[in-house]
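Note sheet for the following structure.
Per chain, numbering begins at 1; letters A, B, ... match sequence-line order. Computed from a prediction, not measured in an experiment: that's the story for all the values here. No hydrogens, no waters, no symmetry mates; every other heavy atom, side chains included, goes into these values.
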Amino acid sequence: MNELPILSILLVLPVIGILLLTFISNNSESDVNLKQTALWVSFLNFIISLVVLFNFNQADPNFQFVEKYYWLGDTISYHVGVDGISILFVVLTTFLVPICILASYNNIKFSMKEYLIAFLALETFMIGVFISMDLILFYLFFEGGLIPMFLIIGIWGGERRIYSTFKFFLYTLAGSVFMLLAVIFMYWEVGTSSIPVLLQHEFSYDAQIILWLAFFASFVVKIPMWPFHTWLPDAHVEAPTAGSVILAGVLLKLAGYGFIRFSITMFPDASHYFAPMIYALSIIAIIFTSLIALVQEDMKKLIAYSSVAHMGFVTLGIFTFTIQGIEGAIIQMISHGIVSAALFLCVGVVYDRIHTREIERYGGLVNRMPLYSFSFMIFILASLGLPGTSGFVGEFLVLLSIFSVNTYFAVFATTGVVLAATYSLWLYRKIIFGQLIKDDLKDILDLSSREIIIFVPLILLTILIGIYPIPVLEIIEPSSQLTLEIINGKMN
Amino acid sequence: MGVFTIILPEIFLFLSSTLLLMVGLFYKRVNIINLLTFLILILTAVLVIYQPSSFGFNNSFVNDEFSKTIKALILIGSASALLMFSPSRRKINIDIYEFPILISFASLGMMVMVSSNDLLAMFIGLELQSLSLYVLASLNRNSLQSSESGIKYFILGALSSGLLLFGISYIYGFTGNTNFSLISATYDKDSLGLLIGIVFVCSGLAFKVSAVPFHMWTPDVYQGAPTPVTGFFALAPKIAAVAIFLRFLYSSFGETAADWQQIIIFLSIASMIFAAFAAIAQSNIKRLMAYSSIGHVGYILIGMACFNFEGVQSLIIYLILYLVMNVSVFSFILMMKRKDEYCENINDLSGLYKHNPFYAILIALSMFSLAGIPPLAGFFGKFYIFMSAIKSDFYLLAVIGIVASVVSAFYYLRIVKIIYFNEPSEKFDEFNSSSLNLLFFISSGIVILFFVYPSPILNIGNYAAKTFF
C-alpha cells in the first residue's frame, strides 16, 4: 500500500477527468455524459481519499504517505504527504466536489463542459495545497486555485459577477505575493523549502516578525479576517451555487490550514507577539459581522457574513496555542466546511425554483417543503452551534481555549454565539415559518431525489460529528500535539 | 583559416543570406526564400551550439556558454518570426523576399553583438542589427503607420546610437581601451569621465532594451510595424540587447558592481511600475504587448542588477520563457482575422470561448502566464528573478516588483475577461494556417506544461550562468 503513490493519484485523477471531458463531445441536450463522467471521477477520488483515511496511522503524528521527487533542482522537490491536520481537509475537499457537481446538474444552463473542467481543476489545486510538504509547491497550488475560481465566478455567476471576480482575484493575489517573497527569504536562509526542515528551523526574532506579517498578509485576505473580508460577500453572492459551496467549504480553509501549519509553528515568537491583535480582529469579526448579517436582505450575503464570523472562531482558537484551541479550530473548520456548504446548497435549492435570493420574497415554505425545512433546520442549528451538531464541538473547544487565556476575550467571543443564534433563527423563521401567502411560492416543489442525495450525507455528518466527535479528534490530536511541542520547544 | 573558425556560424549566415539576397533578385519566389532562410537559421543555430568556447580577433570576439545560449535563442526567435511571416504576408502587403533576408541580417548583427568583447565590435553588431530593424519596421510601403513607425524607430535609434558612441568615446578616453577585459583591468574608481561614459552607454543600451525612460519608441513602433515584424521585435532584438547589456557591465565593470547596480535598479523599477499602469489604458493588442514587454524587461533587469550566479541564471530562464510566451501570443494575434481583415483590438476577442474553446483556453492561460500566475511558466520566470533579488538583499526591489506584478495582472485578466465573460462577437476566420497553429500549440504547450518538467530550461540557465560565476 505504501509503495503506491496514492496522494499523487489523488492529484492526477481530476486531471485525467479533465482530459476525458475534453474528448467527450457535448452534443446531447442534457450533457448527461459530461456530468456523469465528472461525477464518477470526483466520486472515485473521494473513495481513494477514504482509502487513505482508513490506512492512516492515527498514532503517528508525522507525515504519512510521503512521496518525494526531483522537481526544481536539489532543494525544491515535489514533496507530498499528509498528517493528522491535513488528512481531514483532503477528505473534506474530495467529499464536497462530487456534491458540488451533483448540485450543478440543473442550474448551469450553458458551457457545462468548461464548468466541470474548471471544477476538476480546482479540486486538483485544493488537494495539492493540503498535501504539499514543500513551501514552493504549496504556494503554486495556493495561487493556482485562483484561476479556475476566477472563471467559475466570472462566467456562471450573477449580475455583478465581473466586479466580484476581479475583486476576489486581485485582492487575494495582492496578499499572497508577499507570502511568496517570505517563502523565498526562508529558502535562502535555510537552504531548502521543505516544510519538515523549515518547521525545525529557528528564525531570528526580527526575521520572524517580517515573515509572519508577510504570511499574515496572505491569510488575512483568504480566511477572511475583518477588515480584509470585503471580497467575500461579493464573491459568494455572485458565484453560482456550487461555486459558493466550494468557496466557503474549502477555499477559506486553505488559509486556516496555513495559519496552523506555517504561522504559529515557524514563527512562534512573532505569533505570540501578534496574538492580541489576532484576538481583537477575531472578536471584531465574530461580533461585527454577525450584526451585519442580521440586517441583510440577501440570503447568500447573510450566510457569507456568517462564514466570516465562524472563521473568527477559527483564528481565535489557533492563536491561543493550546491543544483545545488548535483542535477546536480544525474541527470548527471541518464543521464549517460541511455546514456552510450545506447552507449555500439550501439557498441554491430555493434559488433554482424561484430565482431570487431576497429574503422578503420567501415565507411559509414549511407548508409545502417539509423535507427541505427539516434539512435547513439541521444546518441552521449547526451554524449557531447547538450542542449535538458539529458546530458546537469546534466552538466550545475554541471558547474553552480562549477562556484559559483571557476571560474578557472569552466573554466577547461567547456573545458571538448568541448573535449567531439571532441571525440564523431569524433567517430560518423568515423563510420557513409563517403563512404561505406569496403567489409564486404556491406551487413550489419539495426536494427532488437528487437534492435528497446531496443533503443526506451532509446531515449525517453534521449530526455524527456533533454527537460523537471522538474519531475526528483522534485523527487530529497527535499532529496537533506535535505542533504544540514544536512551538513550545522553540519558545524555550 | 584557424582564426575564422571561431566565427563559422556568422560566416555561414552571412554568406548564405547574401547568396539568397542575390537569388531573390532573380527568382522572387518568396515562399522558397522564406523556407531556405528558415533552414539556414536552424543550421546556424546547430553550428553555434557545437562551437567550442574560445576568444578570437585579438580578444574582441568571445564565444562562451552565455553567448552560445543567447545566440541559439536569437536564432530560434528569428526562425519563429519567419514562420509567422508566411501566412500573413500578402494581406499585410509585405510579400517581398527582402523580409527573410533582413531578418537573417538582423540576426547576424545580433550574433556579432552578443559575442562581442569590445565596445567597437558591439557597436558594429548593434548597427547592423538596428539598420535591418529600421527597414523591417517600415516594410509595408502602403501603410502610413508602418512608415511612421520606421521613421520614429530610425530617428530615435540614431539618437541613441549617438549617445552610445559618445559614451564609448568617453570610456576610451578615460581608460585607453575599448576591450571589455582591458577596461576591467584599467578601471579607475574615481574617474568622473568614466562614470559619464558608463551612463551614456547604459542609456544607449537601455533604448535598445526599451527600458523606461528610454522606452518611448516601443509602443508606437510595435503598433505601427506589420505584425510579423512586431513579433520579431518582441523576441530576438530584446534578447540580444539584454545579453549585450549584461556582458558590457559584467565584463568591463565586474569588480565595481556597486557603481552601476544603482543604474540598473532604477531602470528596472521605472520599467516595472510604468508598464504596470500604462498598459491598463490600452485597447490595441500590439500596443498592449509592447507595454507588456517593457514590464518584462523590468523584471529581467532585476536579474541583471543582482550580479550573482542566480541573477544570470534567472535572467536566462526568464528570457527563454519570455520568448515562448511571446511566440504564443503573437502567433495567435496573427490568426485573428475576420473576413480576411486583421483584428488588432482586444475587444475583437469577445466571447472567443464560445466559438473556439480550445484556442480560448490556450490564449487565456498564456495571459495568466504573462501575469505570472502559477502554475504557468511565467510564474517560474518571476519566481527565479525574485529568488535572485532576495539573495542579493534587494528587498525593496523585490517588493516593488511583486506589487507591479499584481497591478499588471489586471490588464492580462481583462483580456481573459473579454474572452470568457463578454458576449460573443463575430466568429474569426478559420484558424487554418499550419505554421501559425504549430507555433501556437508548441509554445502554449510549453507554457502550460513547464511546471511538470522544468529541468531542461533550468539546466540551460545553469549552463549559461557559469560563464560569469
(message) Quick test of your reading: applying side chain to side chain donor-acceptor pair (under 3.5 Å), list the pairs with at least one residue in residues 364-390 of chain B, sequence neighbours left out, ordered by first then second residue.
(response) B:S314-B:S388, B:S328-B:S366

Contact summary for [X] and [Y], nearest pair of heavy atoms:
X      : Y      : result
A:V177 : B:V406 : CG2-CG2, 3.7 Å
B:M387 : A:I184 : CA-CG2, 3.5 Å
A:Y70  : B:S455 : CE2-OG, 3.6 Å

Atom group of [X] that falls short of 4.5 Å from chain A, counting heavy atoms:
X      : result
B:F379 : side chain
B:P375 : both
B:Y420 : both
B:V399 : both

Please classify the contact between [X] and chain B as side chain, backbone, both or neither, with a heavy-atom cut-off of under 4.5 Å.
X      : answer
A:L180 : side chain
A:F166 : side chain
A:I210 : neither

Is the shortest heavy-atom distance from the side chain of [X] to the side chain of [Y] under 4.5 Å?
X      : Y      : result
B:V416 : A:F169 : no
A:Y187 : B:I390 : no
A:L140 : B:F380 : yes
B:D393 : A:F185 : no
B:F451 : A:L72  : no

(request) Among B:L458, B:L413, B:I373, single out the residue with the greatest number of heavy-atom pairs under 4.5 Å to chain A. (result) B:L413

(message) Quick check: under 4.5 Å, non-hydrogen atoms only, which of residues 351-363 of chain B neighbour chain A?
(response) B:Y353, B:K354, B:P357

Name the atoms and distances for all side-chain donor-acceptor pairs under 3.5 Å in residues 294-304 of chain B, with sequence neighbours left out.
from, atom 1, to, atom 2, distance (Å)
B:H296, ND1, B:Y318, OH, 2.6
B:Y299, OH, B:G401, O, 3.0
B:Y299, OH, B:S405, N, 3.1

(message) With a sphere of 6.0 Å drawn around OH of B:Y463, does it hold more than 12 non-hydrogen atoms of other residues, nucleotides or ligands?
(response) yes

(request) Sort out for me which of A:V183, A:I117, A:I136 touches chain B most, counting heavy-atom pairs under 4.5 Å. (result) A:I136

Can you give each donor-acceptor pair under 3.5 Å made by side-chain atoms of residues 142-160 of chain A, sequence neighbours left out, with the distance rounded to 0.1 Å?
from, atom 1, to, atom 2, distance (Å)
A:E143, OE2, A:S176, OG, 2.9
A:W156, NE1, A:F110, O, 3.0
A:R160, NH1, A:D234, OD1, 3.2

